[in-house]
Enquirer: 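This is the structure, below, for whatever I ask next.
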Amino acid sequence: MPYGQQNGQDPSWFTGGEPCWLPARRAASLATARTTVLGDDPVTATLREDLQVLTVAGAGGEAAGERRLVVGALAELSAQHLGPVLAGALEDADVPAGEGFAVLARDGEVLLTAARPAGLRHGLGWLTRRFAGGWPDTDVTHVEEPHVDLRVLDHWDNMTDGPMGVVERGYAGDSIFFADGRVRTGAADLARVRDYARLISSIGVNAVCLNNVNVHATEAHLLDEHLGDVAGLAAVLDAHGVRTLLSVDFSAPISLGGLDTADPLDERVAAWWAETTKRVATTLPGFGGYVVKADSENRPGPHTYGRTHADGANVLAAALAPFEAVVFWRCFVYDCHQDWRDRSTDRARAAHDHFAGLDGEFAPNAVLQVKSGPVDFQVREPVSPLFGALPRTGVAVEFQITQEYTGQQKHLCHLGTQWSEVLRFDLNAHGGGEPLRVADVAARSRRQGGSPTGIVGVANVGTDTNWTGHALAQANLYAFGRLAWDPGLDPREVLGEWVEQTFELPAELAGELVELMARSWSVYESYTAPLGVGWMVRPGHHYGPDVDGYEYTPWGTYHFADRDGIGVDRTVATGTGYTAQYPTGWARTYEDVRTCPDELLLFFHHVPYSHVLAGGSTVVQHVYDTHFAGVEAVEESAATWERIAGHVPTATAQNVRERFAEQLRSAREWRDQVNTYFFRKSGVPDVAGRRIH
Ligand code: GCV
């Protein structure tokens, strides 16, 4: 039975999946107003349909004659649509020029307006958040605008099943965009995409990259053979103010164009990209540009031709420029064929080594997409130093919403706090310079009138009815959108919003759920790889513990544990010199074992097991303590959920219950393997005498 029906909601509001944070009841007060939606563009038309569905569905309450809701872009508004008081308020209001919005309420009349229709979509999200408790009986003047231009969800979706699955690192079923080697075109498929677009535009997301950055032979043909079908998806997204991006294969001029080279400086290659891009841009409504993974993990790239990443990005940027589209060029470039015996090569250095020297060489519509940490989305990593090294380049931060290394949506691991810490991280701290937060690096080029700016998340959704596999992982998607819109938001408050919108819980239980979810990131950290060293996962699929799983592999992800100690020496004094990639303040802080924060100690230093942390215990005792405590915390969380479960839909209750059972099993395995490993390596017993195998 569809989720909507289960909750007594009109099923046509959400057709193929749960309504997540947009259950129809949230719009109950909106549905009681006489509504006028002005404008005929696709975004406004879709919004009108949505509001009609809600009203017809009788989302709640009797229509109150006094209540009026007017929705329309600025250009559509005229005095006849507004009462005199509201018209006056509008004259005084500062409606933002871009995709922001304004909400004005006077005397029972509410206006939602924006310079661009997409802003209305984001504003509708705000209305459902703020007016769910009832129609406002006081004046409201609320204006918001997004921190960055592009708030992007990258899907790692493939068109066919392969060694990495239909969705690479996907834990929520199959792709909502592709099936059986084709683009989905059926009515039910498009309805599902529409539901998705409604969800993500309500939290401010305005671009989606449909396919995996690893572009295989079939997906390369999204640019030609499948382009007409892609247009169907793009039209749905565009009608919600969401642009369509495509990942492209750098060698497409050879594989699709029949050329003998993909050299970015070859005129034939430039002409091929220009012609292909013109066709793509004129076929896809709301085309936003390309995403490129080049010279990375065996993907083709400009290095083959002795060219730089800037040469590579710029040939695509030139092709995209006439269409105001962007190339997101990923900086996830490192040697994945490293000899583990080679202690001088440090994967963490790679992105900065490759890209910092190219600052200023990229076209204005080329945006460098930098993973939040220097290695690869571990539960704990320092912030990538590359953010501090590109003052003359457009930069987008990339987060991983899908939980590849953080429990694969079997474990609860709410990541909003982690992302917020990254976005608020001041690159100039401890050094005396003006604060330079990562979120502001991402916004800086726009302020300077240069490149568009962005925050990107690797999507965590699939065809599962609850979208994200683990029902509570919906909150990660929600948090990404909200923080990308406004990186200054308090992640705990964002979590509170999500809980309030998604469930109908008594206040006390809502508080407990927020608490349980808010601490889940540090709980996950506590029973997995300790003190920032990362990895220790099973190779390949990356689920579950294997302390030495990556130790003797070519991937550059080592912990260097021996009988005396553990950790990676990344200092300038005795190690790989990585600390020097940070601005002075952080370089000094990380370099010195006495000032390096505990949680990153083993990322930066190789220390004896007896090393005493700032927190007071030795490294090895810290490992034992956190791993025992982590499992206990999961036990407590599972018990708390049992108190909450009776107040949520049965399917959600059961889904989360089952996931906690698996999390507990897996956390115990992590605890026992990690503790045993450290005990056997060090020979140091646990001071509390707990059972270690
Ligand atoms: C899409 C990691 C993941 C890969 C992913 C890659 C990337 O290596 O394990 O699945 O590829 O990151 O971000 O390109």
Side-chain angles (χ1 to χ4, degrees), residues 152-172 175 177-178 208-220 222 245-250 290-301 309 312-313 327-338 347-348 350-351 354-355 367-379 381 384 386 396-409 415 422 454-462 480 529 534-544 546 549-550 553-558:
V152 189
L153 287 166
D154 274 9
H155 280 249
W156 287 354
D157 294 18
N158 299 316
M159 296 180 74
T160 53
D161 204 355
M164 301 306 283
V166 177
V167 180
E168 180 157 347
R169 313 305 181 185
Y171 313 105
S175 167
F177 300 131
F178 310 118
V208 165
C209 181
L210 300 180
N211 63 307
N212 189 357
V213 289
N214 294 324
V215 184
H216 311 108
T218 313
E219 296 86 24
L222 288 170
L245 305 168
L246 292 174
S247 291
V248 295
D249 175 8
F250 191 76
Y290 296 141
V291 179
V292 184
K293 173 175 177 176
D295 288 316
S296 163
E297 297 188 330
N298 307 317
R299 308 312 301 166
H309 284 283
V327 56
F328 286 94
W329 190 268
R330 296 178 83 235
C331 298
F332 184 58
V333 177
Y334 69 99
D335 179 4
C336 64
H337 299 284
Q338 183 179 334
R347 173 168 164 179
H354 280 287
F355 286 93
V367 175
L368 291 186
Q369 186 166 315
V370 182
K371 285 195 181 186
S372 51
V375 185
D376 197 8
F377 301 133
Q378 300 304 289
V379 66
E381 280 187 47
S384 171
L386 189 52
V397 189
E398 180 180 320
F399 294 113
Q400 195 180 43
I401 313 172
T402 194
Q403 292 172 237
E404 175 178 359
Y405 297 101
T406 49
Q408 306 200 348
Q409 281 132 259
L415 292 165
V422 173
I455 296 179
V456 180
V458 181
N460 64 344
V461 308
F480 168 76
W535 303 91
M536 302 190 172
V537 288
R538 299 220 172 108
H541 58 66
H542 299 164
Y543 186 73
D546 187 344
Y550 272 102
T553 71
W555 294 95
T557 48
Y558 316 120

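When a ligand or atom number is given, it counts from 1 through the structure's own listing order.
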Enquirer: Checking side-chain contact (heavy atoms from CB on, under 4.5 Å) against F328, which of D154, V152, V292 comes through?
Expert: V152

Enquirer: Parallel, tilted or perpendicular: which one describes the rings of W555 and Y550, with boundaries at 30° and 60°?
Expert: perpendicular

Enquirer: Indicate yes or no: at least one non-hydrogen side-chain atom of Y171 is less than 4.5 angstrom from one of N460.
Expert: no

Enquirer: Taking atom types as modelled and ignoring hydrogens, do the side chains of N214 and E168 form a donor-acceptor contact shorter than 3.5 angstrom?
Expert: yes

Enquirer: Under 4.0 Å from any heavy atom of N212, which atoms of ligand 1 are there?
Expert: 1 (C)

Enquirer: Could you tell me, atom by atom, which parts of ligand 1 come under 4.0 Å of a heavy atom of K293?
Expert: 6 (C), 7 (C), 11 (O), 14 (O)

Enquirer: Closer than 3.5 angstrom, by distance alone: can the side chain of E404 be matched with the main-chain N or O of F377 as a donor-acceptor pair?
Expert: no

Enquirer: Donor-acceptor pair, distance only, cut-off 3.5 Å: does the side chain of E398 make one with the backbone of V458?
Expert: no

Enquirer: Pairs of nitrogen or oxygen atoms closer than 3.5 Å, one from E398 and one from ligand 1: do any exist?
Expert: no

Enquirer: Counting N and O atoms only, with roles assigned by atom type, does the side chain of N211 sit under 3.5 Å from a partner on the main chain of S247, one being a donor and the other an acceptor?
Expert: yes

Enquirer: Measure the distances from the heavy atoms of R330 to every atom of ligand 1 and state whether one is below 4.0 angstrom.
Expert: yes

Enquirer: Would you mind checking which non-hydrogen protein atom is closest to atom 8 (O) of ligand 1, with the distance to 0.1 Å?
Expert: E297 OE2, 2.8 Å

Enquirer: Does only the side chain of D376 get under 4.0 Å from ligand 1, or the backbone, or both, or neither? Count heavy atoms.
Expert: side chain

Enquirer: Considering K371, E404, H542 one by one, which has a heavy atom nearer to atom 12 (O) of ligand 1 than any of the others?
Expert: K371

Enquirer: Counting each atom of ligand 1 from 1 as listed, which ones have a heavy atom of E168 under 4.0 Å away?
Expert: 1 (C), 4 (C), 5 (C), 10 (O), 11 (O)

Enquirer: I'd like to check which ligand 1 atoms, numbered from 1 as shown, lie under 4.0 Å from a non-hydrogen atom of F332.
Expert: 6 (C), 7 (C), 8 (O), 12 (O), 13 (O), 14 (O)

Enquirer: Any atoms of ligand 1 less than 4.0 Å from a non-hydrogen atom of V213? List them with their elements.
Expert: 1 (C), 14 (O)

Enquirer: List the closest protein heavy-atom neighbour of atom 1 (C) of ligand 1: residue, atom name, distance to the nearest 0.1 Å.
Expert: N214 ND2, 3.2 Å

Enquirer: Rounded at 0.5 Å granularity, tell me how far CD in E297 sits from OH in Y334.
Expert: 3.5 Å

